[in-house]
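Below: one structure, written as structure tokens.
Counting from 1, the numbers follow the sequence of the chain as shown.
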Amino acid sequence: MLDGLGYFATAIVDLFSLGTLFNVAWATLLGISVGMLPGLTATLGLALLTTLTFKLAAGDAVMILICMYVGAIYGGSRSAILLNIPGTPANAATALDGFQLARAGRAGEAMGIATAGSFFGTLVGMLALAIFAPLLAETALGFQSYEFFWLAVFGVVISGRLTGMNDPLKGWIAGFLGLLVAMVGQEGVHAYARFAYGDPNLAGGFGLLPVLVGVFGFTEVLWVMKNPTYQAVKDAAGSVIPKIKAVVVHWITIIRSGLIGTFMGLVPGVGEDMGAWVSYAVARNTSRKKDEYGKGSVEGLISAETGNSAAVPGAIIPVLTLAIPGSAPAAVLLAALFIHGVRPGPLIMIENPAFVFHVTAMIFYASAAILVFGLLLTKPLLLVLRVSHIRLMPVIFVLCTVGAFAIASRLFDVWVMLGFGVLGLALRLLGFPMAPLVLGVVLGPILDVNLRRGLVLSDGSLMPFLTRPISVVLWVIILVTFMLGSEWFTSRLRRLTGRFMPKGPGDDGSPPPPGAP
């Protein structure tokens, strides 16, 4: 642990320069602006910005993308507090109490508390990244193709279950649709073109970034244009500098929410919104003032913002150590790492150990930037909220088109972007979550290659997939997740447990004793 913190301190010093500070400043500010605008998301911002970083050095590009990521998740709290419209899905829980505080004339205080929560949440997740990423990478060195196959299935299944809470089946359908999309093109063992039908463009497969830009960019353009325009507030009442006492008194909530958010970020495909909701739910259940939640609770606001910000470095941990994204924005970051020649995975601590700690230092600089911008530039930043959809959406559409084309200079990628944008809109209208779809596209090659490689190593036997210790744990968790998501199974489970529960007076049909209610 001490060695990791020492490497982290060294990385902070190594990255310190005027060029670094300039990139941190503009990228974080751009991220906050993207996050503030309802309809734009961290995933969209990362996808568009990735297409503009091809010519940059790998370190500079990753720094810019991480600052965009951290800034966008934080920036969504501004519109959540002032408009009751979450700037990103990760800020939905923030709106519950933040908007109520704003309505009570405490908008400045609410934004200051949210800034403090985001800052400390990012720090908690950052420390977890510095400490646990090397340990996880070392553990993952024992993984073989059998474990990586189940890990890919696990990511899709868990993501579908948690993002499709009301109907897990829709989440699983979206996830396995993403896996099918990933099967198009040359397979990874013998380079045989699958589902190409003689078309050389299809033989190359669907590029990850055009798919992401379409699903999260063009879909958002179509979706936002359906919604009525919003009215921005003219000012934020009160000072945005939070009182130290108001933050310190909730230190237990900050640490607990930071750890919960980090853990939720670790789970493949779950991400920042679940980090916020779970942190908020736990804080409410353990609070002495439950009745204040949803009515302007400072504790509720700080728990939500701490949870979603801590999930950002949490989602980056599996990106670096397993090459599996913890959230949709992390999936874009993973694609950007490959584009810039970085090979994430279990070997990263052997091939490029300093990079993990440089990423941790980048998150530190981004967290410092959101603290400075959040406390000093909130009122000027509110002008971003006055940009109308009518002017904004055409610009976003142009960026989506240019970004999709710039990746490989293929017109086919533009059609891919448009096609997946329309598909994303149709799925969203039908209530399908997008995160499992994206995760399926990302994990499809991992699942395919490791399944076939495992079958080659075992001479076609499936037994190693089912009998190796880690594989057993993973497929049992997957099976239990499927069963708990099945209404047929859960209804019979409730009936069975009810049958064996001890019966109270009168439950067996006998009359209750005298005096019983």
Side-chain angles (χ1 to χ4, degrees), residues 133-161 171-196 203-206 208 266-269 317-326 331 334-335 337-338 343-351 436-486 489:
L135 299 177
L136 184 58
E138 184 177 350
T139 302
L141 286 173
F143 282 30
Q144 293 188 18
S145 297
Y146 316 105
E147 287 79 15
F148 277 109
F149 165 77
W150 285 117
L151 197 60
V153 178
F154 170 78
V156 174
V157 171
I158 291 294
S159 175
R161 176 72 179 90
W172 293 330
I173 290 174
F176 284 99
L177 178 61
L179 291 176
L180 291 176
V181 169
M183 296 300 108
V184 176
Q186 293 179 333
E187 47 86 16
V189 178
H190 301 293
Y192 179 79
R194 298 179 299 194
F195 308 108
F206 296 121
L208 177 59
L266 277 166
V267 180
I317 294 175
V319 166
L320 296 176
T321 57
L322 300 173
I324 291 177
L334 175 62
L337 291 177
F338 283 118
R343 291 181 56 194
L347 293 177
I348 194 169
M349 292 305 300
I350 297 175
E351 297 175 345
L437 173 67
V438 172
L439 197 66
V441 176
V442 174
L443 297 181
I446 297 175
L447 181 148
D448 178 43
V449 169
N450 286 287
L451 172 62
R452 303 178 67 195
R453 185 181 295 150
L455 290 173
V456 170
L457 292 173
S458 63
D459 292 328
S461 174
L462 292 174
M463 292 308 296
F465 288 95
L466 302 174
T467 56
R468 290 171 60 89
I470 298 178
S471 295
V472 170
V473 173
L474 290 173
W475 70 254
V476 167
I477 294 175
I478 293 168
L479 181 62
V480 171
T481 303
F482 268 123
M483 291 191 297
L484 293 180
S486 168
F489 178 81

Shortest non-hydrogen contact between Gly326 and Pro318, atoms and distance: N-CG, 4.1 Å
Donor-acceptor contact present, side-chain Asp448 to main-chain Gly444, <3.5 Å: no
Close side-chain approach of Leu334 to Ile324, heavy-atom, < 4.5 Å: no
Residue Phe338 excluded, over 12 heavy atoms near CZ under 6.0 Å: yes
Spacing of Leu322 atom CG and Phe148 atom CZ [to the nearest 0.5 Å]: 6.0 Å
4.5 Å side-chain heavy-atom contact, Leu457 and Tyr146: yes
CG on Leu266 to CG on Leu136, rounded to 0.5 Å: 7.5 Å
Closest non-hydrogen atom pair, Ala182 against Gly440: CB-O, 4.0 Å
Gap between atom CG of Leu180 and atom CG of Leu437 - 0.5 Å precision: 10.5 Å
Test of ring centre spacing under 6.0 Å for Phe482 and Trp172: yes
Shortest non-hydrogen contact from Ile446 toward Ala323: CD1-O, 3.5 Å
Side chain proximity check, Ser471 to Leu466, heavy atoms < 4.5 angstrom: no
Contact summary for Trp475 and Phe465, nearest pair of heavy atoms: CD1-O, 3.8 Å
Which atom of Leu474 lies closest to which atom of Glu147, heavy atoms considered: CD1-O, 3.7 Å
Non-hydrogen side-chain atoms of Leu337 and Leu320 separated by less than 4.5 Å: yes
Side chain to side chain, Pro325 and Leu443, heavy atoms closer than 4.5 Å: yes
Minimum heavy-atom distance Ile477-Phe154, with the two atoms named: CG2-CE1, 3.6 Å
Enclosure of Arg194 CZ (heavy-atom neighbours >12, cutoff 6.0 Å): yes
